[in-house]
Amino acid sequence: MTIDLEIALAFGAIGALLTVLSNLMRRMTPLRTFALAANSFLIVYAAIERNWINCGLQVALLVVNAYRLWDLRRLVRVLAQASADSPIN
């Protein structure tokens with residue numbers, strides 16, 4: 001087994017594990033964070049294996065997950081500000 005293949009399999013295994021863990025999350029912020037990490041590892045795996053279709057898929061999912069995490073964090077900030085400005089405390 002070559003070193004490149006061993007490294008690729010390690011990235012693929014970590015990416016697969018992170019994908020499973022992200023599916024076990026109950027809250028959205030950790031789910032998106034684990035999904036971003038999984039996408040990153042799977043992009044490296046696909047690039048080493050020269051599997052460009054899978055690499056493209058993971059890049060697209062990385063963008064979607066990053067946008068959703070950014071949108072979620074923005075929503076949390078807006079809700080916190082609205083709660084702080086509320087006259088009922």
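Both Phe41 and Val20 belong to a common hydrophobic cluster when Ile, Leu, Val, Met, Phe, Trp and Tyr are linked at side-chain heavy-atom distances under 4.5 angstrom.
Residue Leu69 shares its hydrophobic cluster (ILVMFWY side chains chained together at separations under 4.5 Å) with Leu36, Ile43, Val59, Leu62. Through side-chain heavy atoms spaced under 4.5 Å, either directly or across other Ile, Leu, Val, Met, Phe, Trp or Tyr residues, Leu61 is tied to Leu57.
Residue pairs meeting the side-chain hydrogen bond (donor to acceptor under 3.5 Å, both in side chains) criterion with at least one member in residues 37-53, sequence neighbours excluded, are Asn39-Gln58, Asn39-Asn65. Contacts classified as salt bridge (Lys or Arg N to Asp or Glu O under 4.0 Å) and involving residues 25-48 (residues at least two apart or in different chains) are not found. Every pair passing ring-ring contact (aromatic ring centres under 6.0 Å, His included) that includes a residue from residues 58-88 is listed here, sequence neighbours excluded: Tyr67-Trp70. Counting only residues at least two apart or on different chains, no ring-ring contact (aromatic ring centres under 6.0 Å, His included) pair has a member in residues 16-39.
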Sequence neighbours left out, cut at 3.5 Å: what donor-acceptor pairs do the side chains of residues 8-19 make with other protein atoms?
residue : atom : partner : partner atom : Å
Thr19   : OG1  : Gly15   : O            : 2.8

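Taken from CG in Leu31 to CG in Leu21, the straight-line distance is 10.5 Å, to the nearest 0.5 Å.
Taking Arg74 as the reference, Asp71 meet the side-chain hydrogen bond (donor to acceptor under 3.5 Å, both in side chains) condition, with sequence neighbours excluded.
In Leu79, the CG atom is crowded: over 12 heavy atoms of neighbouring residues, nucleotides or ligands sit closer than 6.0 Å.
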Verdict with reasoning, Thr29 to Leu72, per side-chain contact (heavy atoms from CB on, under 4.5 Å): CA-CA 7 Å; Thr29 302; Leu72 178 66; 3.3 Å; yes
